[in-house]
> 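Before anything else, here's the structure in question.
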Number of protein chains: 2
Amino acid sequence: MNMKRASGNRVCSVARTLEILGDRWIFLILREAFFGVRNYDQFLSNLGIATNILSSRLKTLVAHGIMEKQQDRKDARRIRYRLTEKGLDLYTIVLAFMQWGDRWLADADGPPLELYHKGCGRRLEPVMNCAACGKTVHAHEVGYVEKKPFQTPKKSTT
Amino acid sequence: MNMKRASGNRVCSVARTLEILGDRWIFLILREAFFGVRNYDQFLSNLGIATNILSSRLKTLVAHGIMEKQQDRKDARRIRYRLTEKGLDLYTIVLAFMQWGDRWLADADGPPLELYHKGCGRRLEPVMNCAACGKTVHAHEVGYVEKKPFQTPKKSTT
DNA sequence: AAATTAGCTTGCATTATGCAAGCTGTTTTG
DNA sequence: CAAAACAGCTTGCATAATGCAAGCTAATTT
């Protein structure tokens, strides 16, 4: 959580996002949350995380509006941590992690977890598409333009 | 780079991926690489990263086959670090970071960097689609099945 | 009333990070 | 062709983050 300017000098949403999310545990907590985990002790036992780290990470997630706390009516000790809209919107990142791992790090048994798309009922293999033309986007097909000009590169990608 | 079992007890590609990539600097290096940066000193000046950290991160990226080193023929001092296929395939993660940041962290001026899709020439807004049915996937529509059963939750998402 | 549970906080040893300095092999310069 | 500059590192040391164990508080359960 310390980094003068986590970006270096390029102004970029990647850097901004990483200033909040740039921590293994944060993503693992989010993964659990996407899989339905809601309470401190479930995160704790599922992740094997230290208690101080867990509470500090939950705190930053709440502080950034990614999760919100609510009391359980039936048990006042229990706090439910749930994803806000802002937090739910992070599922693309979690899916992207999972897919890359499935493709490049899977062992012989194949991916340990299979996703399915409730909409169509089939196995979900997420792909990145261009919202404008609908086609799948590959790394080489991404170009960029800097809105606030800076020192570094010019155009192109890869 | 230390974590008994970065996953906790859930077997998951997210955890495996994070064991390699779970570091801010790694992602920022990857971002630079996607934007065309190739050399040590460019990474160094663009990121404002410490030299020991940069070389250690580049080393792990190379060790995991995400980047590869090659000598520059014209200048033997110069080493080019370039993304392998495995590394290029991480662009979905970088795009997902950028998009979330654009949506939730942008200031009044809008996103600092605009991507375009070389295929269609239009502004690229990446969306996650289901490869099977082609539709855009939303967080609530993702279900999962654990292949190697473990202790934790059951089904559903969110 | 005593024990248990959920969700924390605190203290302390270990590990990672950031900074500055230095080192090694190439070019480039005068 | 010697001196300076450059690219890509490594090393040492101070500071910050992490992990572990223990303890603490308020709300249940027994």
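First the proteins, then the strands, lettered A, B, ... as listed; each starts at 1.
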> Would you say B:Trp25 places a side-chain N or O within less than 4.0 Å of OP1 or OP2 belonging to C:dT17?
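B:Trp25 to C:dT17 OP1/OP2: no side-chain N or O under 4.0 Å.
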
> What is the distance, to the nearest angstrom, from the CD1 atom on A:Ile49 to the C1' atom on D:dA17?
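About 13 Å, once rounded to whole Å.
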
> So do the side chains of A:Met128 and B:Val127 get within less than 4.5 Å of each other, counting heavy atoms only?
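In short, these two side chains do not touch, never coming nearer than 4.5 Å.
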
> Go along nucleotides 4-14 of chain C 5' to 3' and tag each nucleotide: B for a protein heavy atom under 4.0 Å from its base, S when only backbone or sugar atoms are that close, - otherwise.
-BSSBBBB---

> B:Asp23 CG to D:dA17 P: how many Å, rounded?
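Those two atoms, CG and P, are 14 Å apart.
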
> For nucleotides 23-25 of chain D, which of its nitrogen or oxygen atoms have a protein nitrogen or oxygen under 3.5 Å away, and what is each distance?
none

> Check the distance between D:dG19's P and A:Leu47's CG and give it to me in whole angstrom.
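Interatomic distance, CG of A:Leu47 to P of D:dG19: 11 Å.
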
> For A:Arg103, what residues pass the side chain to side chain donor-acceptor pair (under 3.5 Å) criterion, not counting sequence neighbours?
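Testing A:Arg103 for side chain to side chain donor-acceptor pair (under 3.5 Å), a comparison that skips the adjacent residues, returns B:Asp89.
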
> Residues two or more places apart in sequence or in another chain: which of them pass side chain to side chain contact (heavy atoms under 4.5 Å, CB included) with A:Ser55?
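A:Ser55 satisfies side chain to side chain contact (heavy atoms under 4.5 Å, CB included) with A:Tyr40 only.
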
> Dump the intermediate steps for salt bridge (charged side-chain N to carboxylate O under 4.0 Å, His left out) on B:Arg78 and B:Asp41, then the final yes or no.
CA-CA 10 Å; B:Arg78 192 145 251 166; B:Asp41 61 333; 3.3 Å; yes

> In whole Å, I'd like the distance from the CD atom of B:Glu19 to the P atom of C:dA16.
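Result: 14 Å.
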
> Answer yes when B:Asp102 and A:Arg16 have at least one side-chain N-carboxylate O distance shorter than 4.0 Å, and no when they do not.
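Judged by the 4.0 Å cut-off on N to carboxylate O distance, B:Asp102 and A:Arg16 do not form a salt bridge.
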
> Can you tell me how far P of C:dT27 sits from NZ of B:Lys74, to the nearest Å?
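Taking NZ of B:Lys74 and P of C:dT27, I get 13 Å after rounding.
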
> Scan for side chain to side chain donor-acceptor pair (under 3.5 Å) pairs involving residues 62-72 of chain B, sequence neighbours excluded, and state none if there are none.
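Sorted pair list: B:Gln70-B:Arg80.
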
> Rounded to the Å, how far apart are B:Leu44 CG and C:dA20 C1'?
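Distance, rounded to whole Å: 13 Å.
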
> With ring-ring contact (aromatic ring centres under 6.0 Å, His included) as the rule and sequence neighbours excluded, what pairs involving residues 71-99 of chain A come up?
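For residues 71-99 of chain A: A:Phe27-A:Phe97, A:Phe97-B:Phe27.
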
> Respond yes when some side-chain nitrogen or oxygen of B:Arg73 is under 4.0 Å from OP1 or OP2 of C:dT26, and no when none is.
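For C:dT26, neither OP1 nor OP2 has a side-chain N or O of B:Arg73 closer than 4.0 Å.
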
> Which whole-number value in Å describes the distance from B:Gln71 CD to D:dG8 C1'?
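Distance, rounded to whole Å: 11 Å.
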
> Do B:Leu113 and B:Met98 touch side chain to side chain, with heavy atoms closer than 4.5 Å?
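They are in contact (side-chain heavy atoms under 4.5 Å apart), so the answer is yes.
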
> Could you state the atom-to-atom distance from CD1 of B:Ile29 to P of C:dT17 in whole Å?
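Atom-to-atom, B:Ile29 to C:dT17, this comes out as 11 Å.
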
> With respect to the phosphate group of C:dT17, does any side-chain polar atom (N or O) of B:Arg24 fall under 4.0 Å of OP1 or OP2?
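No, B:Arg24 has no side-chain N/O under 4.0 Å of OP1/OP2 on C:dT17.
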
> Would a 4.5 Å heavy-atom cut-off, applied to side chains only, mark A:Lys86 and B:Leu105 as touching?
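Heavy-atom side-chain distance check passes, below 4.5 Å.
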
